[in-house]
Protein chains: 2
Amino acid sequence: MSSKRQALRADVQEGIQNRLVQGNWRPGARLSIDGLARELEVSPTPVREALVALEHSGLIEYQALKGFVVAPPLTPQQIDELIDARLVLELAAFTRAFGRREALESDLRAAHEAHSAIAERIAAAPEPDYALIHEYFDADSAFHEALFRHAGNHYLGTMREVLNTHGHRMRQTWSEGAERIDADEAVAEHAAILEKVQEHNHDGALRALRSHLEGVRERSIELGTGPTGR
Amino acid sequence: MSSKRQALRADVQEGIQNRLVQGNWRPGARLSIDGLARELEVSPTPVREALVALEHSGLIEYQALKGFVVAPPLTPQQIDELIDARLVLELAAFTRAFGRREALESDLRAAHEAHSAIAERIAAAPEPDYALIHEYFDADSAFHEALFRHAGNHYLGTMREVLNTHGHRMRQTWSEGAERIDADEAVAEHAAILEKVQEHNHDGALRALRSHLEGVRERSIELGTGPTGR
DNA sequence: GTGCCCCGGATCCTCTAGGATCCGGGGCAC
DNA sequence: GTGCCCCGGATCCTAGAGGATCCGGGGCAC
C-alpha cells in the first residue's frame, strides 16, 4: 500500500460507487464512515473524502453530525424531469454531432451492434444475470454517449455525465424487483435512429431520437410506479 | 468552535470559493492544504474535504501527490462551448417557463429592475468598484436564474449551476485587467426579452434570448482574447 | 400502561503525528 | 561553464486518538 499511494481515495470512491449503483444498500441506509473504513481496511480519512466527492452525484446525501445516507429513490415526477432534461441535452448534442455525420454513424453502428448482442444474450438467459444486466446498461449508455463524443462541446458531455449518474440511481431502484428489461424495444428504437442517420436524414433521426426518449420515459415511469402494484 | 461543529467544512469551502471567484489566486497557483489550514486556523482535514468538494466545480484541479491548483483560464474555444451550452439550456428552460408566463414576467421584471439599477450605479462610478461589479454579476445571473425557477425541472437548474460556476471562472480571468463591462448592452438585451414576454410573444422572446446569448458570446470572447492585445 | 428522563454505545468531527513524496538549491565531477 | 547528483525543507497522504453529538433502550414517576 506504500507504492500505490493515492490510489486510495480513488479506489475507495470507485468501490463505494459500484456498490451504490448495484444497489447493495437500500435507500435511506446509513453509510457509516468508520464502518466502511473497517470494511475496506483503510482509515476513515480517505473514506470521508470519497463520500464528499460522491455527494454531488446525487447518489448519497449528507446531514451534519449524522453522516451520509443513500439517497431515496426517484419519484415518478423526478423521472419525468430527468428524461425531459435528457431530451434537451441529447437533441442538442445530436444536431451538433450530425455535422460529423460519418464519424457519428460509425460510432453509433458499433455501439448498436454491441448493444443488440447483449440484448440477445439477455433474452436467451433463463434467469436474470445481474452482471449481464449491468453490461446491458453500459452498452445502452454507450450508444447515447456517442452523440456527445462528436458534439464538439465539452460542457454538454459534462452535463450528460451528471444526468447519467441520476439514471443509475433510477435503475438502482428497479433492480429490487423488476428485472424485466424491455431490451427489444430499446434496441429497435436505436436501430431506427441509426437508420435515419445512415440515410443522411437529420430531421428524421431527430424525431426518432425524440421518440426513443419518450419511450424510455414511459417504460421508466411504468417501472418506477411499479408493476408490483405500488 | 465547539458549539458550531460542522460549520467548519461549509465555512472553509465558502471562504475558499469566494477567494477563487474573486480571483485572489492566479490560475496555476498551488493551493497548499497545510498552508490554507494555517491561514484559516483549522486543521488540514476540513480543508481537504472542502477542496475535494470544490473540485467538481471546475475551479480547481487535483493531481495526486502534488495537491490542488487553480484551474487555468478558459480558452476562447471553451468560452464558445460554454455559451453554446447555455444556449441549449436557457432556450429549453424559457419555453418551459413560458407555461407560467405571468409568474415568469413578474420575476423577470423584478430582476431586470435590480440589474439596471446596478448598471446605472456602475456607469456613475468614477472608477471600478469590485464589490459593485460582483453585485452586478449576481444581478445579471439572477435574471437568467428566473427562467429556470419557473421551468419546473430540477435537473435543468442543477445543470445551470454547473455552467454558472464555470462562468465565474471566466469572469475571474477578466478581473485582472479589463474591468470595463458592457453593462448597457446586456441591460438593453434583457429589456428586449422582457418586452416580448410582456407581449405574450413566445417566439419573439426566444429570438431575443438567443440574440442576447450571442451577444454575451461575442463580448466574452472579445474580453477573453483580450483588448490588451494578448 | 404511558410518558419522560437518563445513560451507554456508536458515530461523527476535528486534531495531531509520522512516513512518503516532491521540489528546489548547492556542490561536485567533467 | 555545464550538467548531474544529493539533500533538506515543504507538502501530501494516511493513520489513530479524543472530545462532542446522536440515538436507542432501560428505568422510574405518575
Side-chain angles (χ1 to χ4, degrees), chain A residues 1-20 23-72, chain B residues 1-20 23-72:
Chain A
M1 71 181 71
S2 60
S3 62
K4 289 196 175 185
R5 280 177 69 116
Q6 189 44 10
L8 257 189
R9 186 180 94 195
D11 284 351
V12 169
Q13 181 171 345
E14 188 182 342
I16 294 177
Q17 180 161 2
N18 281 341
R19 296 201 196 185
L20 282 170
N24 285 21
W25 295 297
R26 309 186 73 86
R30 292 189 57 166
L31 297 179
S32 161
I33 295 173
D34 291 346
L36 285 173
R38 283 192 296 271
E39 194 172 344
L40 300 172
E41 295 182 340
V42 296
S43 80
T45 307
V47 175
R48 292 187 66 83
E49 293 179 8
L51 291 177
V52 169
L54 279 174
E55 189 183 3
H56 91 276
S57 75
L59 288 172
I60 62 177
E61 294 177 353
Y62 171 76
Q63 293 173 310
L65 300 179
K66 294 180 64 175
F68 293 88
V69 299
V70 180
Chain B
M1 76 180 69
S2 59
S3 61
K4 287 198 175 183
R5 280 178 70 116
Q6 189 44 11
L8 258 187
R9 185 180 93 196
D11 284 351
V12 169
Q13 181 172 343
E14 189 182 342
I16 294 177
Q17 181 161 3
N18 281 342
R19 296 201 197 186
L20 282 171
N24 285 23
W25 295 297
R26 309 185 74 86
R30 292 189 57 168
L31 297 178
S32 161
I33 295 173
D34 291 346
L36 285 173
R38 281 193 298 272
E39 194 171 345
L40 300 172
E41 295 182 340
V42 295
S43 79
T45 307
V47 175
R48 293 186 65 82
E49 294 178 7
L51 291 177
V52 169
L54 279 174
E55 189 183 4
H56 90 275
S57 75
L59 288 172
I60 61 177
E61 294 178 353
Y62 171 77
Q63 293 173 309
L65 300 179
K66 295 182 64 177
F68 294 87
V69 299
V70 180

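Keep in mind that what you see is a predicted model, and the values were worked out from it rather than measured. Residue numbers begin at 1 in each chain, while the letters A, B, ... track the order of the sequences.
Residue A:Ser43 places none of its side-chain N or O atoms closer than 4.0 Å to OP1 or OP2 of D:dT14. Between B:Arg9 and C:dC13 there is no side-chain polar atom (N or O) within less than 4.0 angstrom of OP1 or OP2. In this model, the phosphate group of D:dA10 is not approached by any side-chain N or O of B:Arg38 to a distance below 4.0 Å at OP1 or OP2.
Between the CD1 atom of A:Ile33 and the C1' atom of D:dT14 there is a distance of 15 Å, given to the nearest Å. Taking atom CD of B:Gln63 as the reference point, atom P of D:dC13 lies 11 Å away to the nearest angstrom. If you measure from atom CD of B:Glu49 to atom C1' of C:dC15, you get 12 Å, rounded to the nearest angstrom. If you measure from atom CZ of B:Arg48 to atom P of C:dC13, you get 17 Å, rounded to the nearest angstrom. At whole-Å resolution of the value, CD in A:Glu61 and P in C:dC12 are 16 Å apart. Put simply, CG on A:Asp34 is 14 Å from P on C:dT14, counting in whole angstrom units. One atom, CG of A:Leu51, and another, C1' of C:dC12, lie 12 Å apart when rounded to the nearest Å.
Among the nucleotides C:dT14, D:dC13, D:dC23, the one closest to any side-chain atom of A:Lys66 is D:dC23. You'll find that the side chain of A:Leu65 is closest to D:dC22, out of D:dT14, D:dC22, C:dT16. If you check D:dC13, D:dC12, C:dC15 against the side chain of B:Leu8, the one that comes closest is C:dC15.
Considering all non-hydrogen atoms of both residues, A:Gly58 and A:Ala71 come closest at O-CB, 3.3 Å. Pairing each heavy atom of B:Trp25 with each of B:Ile16, the nearest pair is CZ3-O, 4.0 Å. The shortest non-hydrogen separation linking B:Leu8 to B:Pro46 is CD1-CG, 4.4 Å. Residues B:Glu49 and A:Val52 approach most closely at O-CG1, 3.7 Å, considering heavy atoms.
Relative ring orientation between B:His56 and A:His56 is described as parallel, the plane-to-plane angle staying below 30° on a 0-90° scale split at 30° and 60°.
Counting non-hydrogen atoms under 4.0 angstrom, A:Phe68 reaches nothing in the nucleic acid. B:Leu31 comes within contact range of the sugar-phosphate backbone alone, with a heavy-atom separation under 4.0 Å but no base atom that close.
With both pairing distances under 3.5 Å, D:dG16 is matched to C:dC15 as a Watson-Crick or G-U wobble pair. Summarising the base pairing, D:dG26 is matched to C:dC5 through a Watson-Crick or G-U wobble pair whose two defining distances lie under 3.5 Å.
Between B:Arg30 and A:Thr45, the residue anchored nearer the 5' end of DNA chain D, judged by the nucleotide with its closest heavy atom, is B:Arg30.
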